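From a predicted model like this one, the values you see are computed outputs, not experimental measurements.
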Amino acid sequence: MPQPKIHASNAARQAAFRARRDQTRQKELAAKGLPSLPSIPTLPGWARWNASFQAAHELISYSLSEMQDYFEDRSENWQESERGGSHQEKITSVEAVVDALSDLLS
């Protein structure tokens, strides 16, 4: 037995889908603490972009400190090994990203 139709037409069904999608997107942005985009699409969303850059900066800085702690907790033999050197190169790359984000935020 077929299910009863919820929407009168395909257009109504698509409109309901778009409304649910937009509502979900707004909830995701609110959960991240990001302000919404301006209502006029030609205006830049600097407040939103700066908030997302700040959040990224904090997350990457936290990851960088974890990476440095991990490196320091290892033995000297490990730090001087190929794996330790590779890890140190990654730390250097992440530090460059943090510096670039810092420049962007100032």
Side-chain angles (χ1 to χ4, degrees):
M1 175 179 220
Q3 292 184 337
K5 291 189 176 194
I6 297 173
H7 305 287
S9 66
N10 282 339
R13 187 188 65 191
Q14 291 172 352
F17 167 76
R18 285 189 205 99
R20 286 191 314 271
R21 182 189 61 196
D22 292 342
Q23 189 177 39
T24 302
R25 182 71 179 139
Q26 289 300 325
K27 286 179 184 177
E28 289 173 353
L29 291 176
K32 292 180 181 179
L34 297 176
S36 61
L37 286 170
S39 57
I40 301 171
T42 57
L43 292 176
W46 284 108
R48 182 172 184 268
W49 298 333
N50 286 335
S52 65
F53 296 150
Q54 182 64 39
H57 182 269
E58 291 171 6
L59 180 64
I60 294 172
S61 295
Y62 180 74
S63 297
L64 176 61
S65 67
E66 284 183 345
M67 291 173 73
Q68 289 170 334
D69 291 344
Y70 179 85
F71 183 80
E72 291 169 4
D73 289 344
R74 302 291 150 239
S75 67
E76 284 187 33
N77 289 336
W78 184 89
Q79 290 177 3
E80 295 170 0
S81 72
E82 184 176 329
R83 290 179 69 189
S86 173
H87 188 79
Q88 189 63 38
E89 289 174 8
K90 290 177 184 178
I91 288 175
T92 305
S93 298
V94 173
E95 286 172 341
V97 171
V98 168
D99 290 341
L101 278 172
S102 296
D103 292 343
L104 187 63
L105 292 172
S106 36

Note: F53 and L105 closest approach over all heavy atoms is CB-CD2, 3.7 Å
Minimal heavy-atom distance between S61 and V98, with the atoms involved, is OG-CG1, 3.8 Å
Residue pairs meeting salt bridge (Lys or Arg N to Asp or Glu O under 4.0 Å), one or both in residues 58-75, sequence neighbours left out, come to none
If you round to the nearest 0.5 Å, how far is [atom2] of [Y] from [atom1] of [X]?
| X | Y | atom1 | atom2 | result |
| --- | --- | --- | --- | --- |
| S75 | Q79 | OG | CD | 7.0 Å |
| L59 | S63 | CG | OG | 4.5 Å |
| R83 | W78 | CZ | CH2 | 7.0 Å |
| L104 | W49 | CG | CH2 | 11.5 Å |

Contacts satisfying side chain to side chain donor-acceptor pair (under 3.5 Å) that involve residues 84-106 (not counting sequence neighbours) are H57-S102, Q68-E95
Does atom CD (E28) have a neighbourhood of more than 12 heavy atoms from anything else shown, all under 6.0 Å? yes
